[in-house]
Amino acid sequence: MCLAIPAKVLSIEPDDMAVVTVENVRKRISTALLDQVAVGDYLLIHVGYALHKLSEEEAAHTLSLMAEAGILQEELAEISGEPTCAT
Amino acid sequence: MRYISEFRDRTLADNLANRIAQEVQPDREYHFMEFCGGHTHAIFRYGVQDLMPQNVHFVHGPGCPVCVLPVRRLDDAVELAEKHDVILCTYGDMMRVPGTGRRSLIKAKADGADIRMVYSTLDALKIARDNSNKQVVFFAIGFETTTPPTAVAIKMAQAEELTNFTVFCNHVLTPAAIGHILDSPDFAPGGPGRIDGFLGPSHVSAVIGSQPYEAAAQKYQKPVVIAGFEPLDVMQSVLMLIRQANAGRAEVENQYTRVVTREGNRKAQDLVADVLELRDSFEWRGLGAVPDSALQISDNFAAYDAEKRFRVSQKQSREVKSCECPAVLRGVKKPTDCKLFGTVCTPDNPMGACMVSSEGACAAYWSYGRQRAPRDAA
């Protein structure tokens, strides 16, 4: 629900999982929907799954727009385990 | 960071606005439906409507997953949580949507039902692993973006032989809804409403690609432009729609080439096709029963289908009286046409799903539209 947020891959884990980081928040997400993911890739994360790969520029651009629109903090709170969509 | 400043540059927006103003034909009106709630919010947040000529209008579409879920399915979820002693896992957006008698999941939770907000299907699986003595139901809603994570969770549950995890599947399909809207009396030739083209969804199309819209564009002779979420994406896409309309073209074009391809994400599509299958028909709030517009769990994965494991009762589900959510979702009314809007219905005390969800049209009007000139807010 809410939006998709770009994040950078920190490490690859077994079973199609990866640890990603965005704005100092770390999250374990699934990469089951993508073919090849490497450390340093930028991914578009939606409900805990990487939907798409992005360029670094596109990721930075999307994050800055989310910050500008005032929705970045909400999304970060959501992925760090404090669901805010309903509030 | 050069890229960002370019996009933020107001002169770029002004240039696009000038270009649009030059290219619109003054003797005709342009009505474009933005299917997706994310676009509705971008249009309002950045005042895109203010940059459009007087004869370019946005028609808000049904692309808010929480909003289009019919009351009956929400009532069924409340019943699962209250009567079947399950742990019901749901995305946060669903919690405050009022069902029949304004009963919501959050009220059921306050009264003792075990309802848990999750960020991801992965969290729901973990809850199932940690509570092997309880049945755990994931309340799956959403368009094609949210569907692959549900399919993956079902496959994981099967691989792990989890016997206490099922999915209450309510996933719906965007292209079917577009066809249905254009077939409806509201927008059929001679009907009261008009749509000259569609701004197509961005993240949905990242999954399904732009190809699935081609049949509708051809059949109904309406242009579709897949548009990114950012305000300049929306403006550029409107320009592309105007050019198609002026030239009498009805093609699927892709403005959001940064993320969307014609084929989409094949791996995600294959996973969904493996686990889920078309429903003959599914009810949408506002649109009614729409053939081939939703997915259900296929027979091979029937053990993970909450609708097969639990028997919910027949019930008379009802919308909140006077709530215009259904007409707003059909694109025939604006939130401000609803007498509840902004009076008894606010985000703090929502009467309908369109005010609850961050993607709902009523929430967009409430957040950004109240101070606008009558043309934009009416």
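Sequence lines set the chain letters: A, B, ... in the order given, protein chains first and strands last, and positions in each chain run from 1.
Under the side chain to side chain contact (heavy atoms under 4.5 Å, CB included) criterion, B:Q158 pairs with B:F301, B:Y304, sequence neighbours left out. By the side chain to side chain contact (heavy atoms under 4.5 Å, CB included) test, A:H52 is found to be paired with A:L44, B:A206, B:V259, residues two or more places apart in sequence or in another chain being considered.
Counting heavy atoms from C-beta on, the side chains of B:E230 and A:T62 come closer than 4.5 Å. Looking at A:Y49 and B:L122, their side chains come closer than 4.5 Å, going by heavy atoms from C-beta outward.
Within the model, atoms OG of A:S30 and CE of B:M156 stand 6.5 Å from one another, a figure rounded to the nearest 0.5 Å. Distance check, rounded to the nearest 0.5 Å: OG1 of B:T146 to CG of A:L51 gives 8.5 Å. A distance of 8.5 Å separates CD1 in A:I29 from OH in B:Y119, rounded to the nearest 0.5 Å.
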For residues 8-21 of chain A, please give each side-chain donor-acceptor pair under 3.5 Å, one per line with the distance, not counting sequence neighbours.
{"unit_1": "A:E13", "atom_1": "OE1", "unit_2": "A:R28", "atom_2": "NE", "d": "2.6"}
{"unit_1": "A:E13", "atom_1": "OE1", "unit_2": "A:R28", "atom_2": "NH2", "d": "3.4"}
{"unit_1": "A:T21", "atom_1": "OG1", "unit_2": "A:V25", "atom_2": "O", "d": "3.3"}

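For a residue to count as touching a neighbouring chain, one of its non-hydrogen atoms must lie under 4.5 Å from one of that chain's; by this rule A:L34 touches chain B with backbone and side chain alike.
Residues of residues 263-273 of chain B having a heavy atom under 4.5 Å from any heavy atom of chain A, listed by number: B:N265, B:K267, B:A268, B:L271.
The nearest pair of heavy atoms linking A:G48 to B:S120 is CA-OG, 3.8 Å.
At most 12 non-hydrogen atoms from other residues, nucleotides or ligands lie less than 6.0 angstrom from CG of A:N24.
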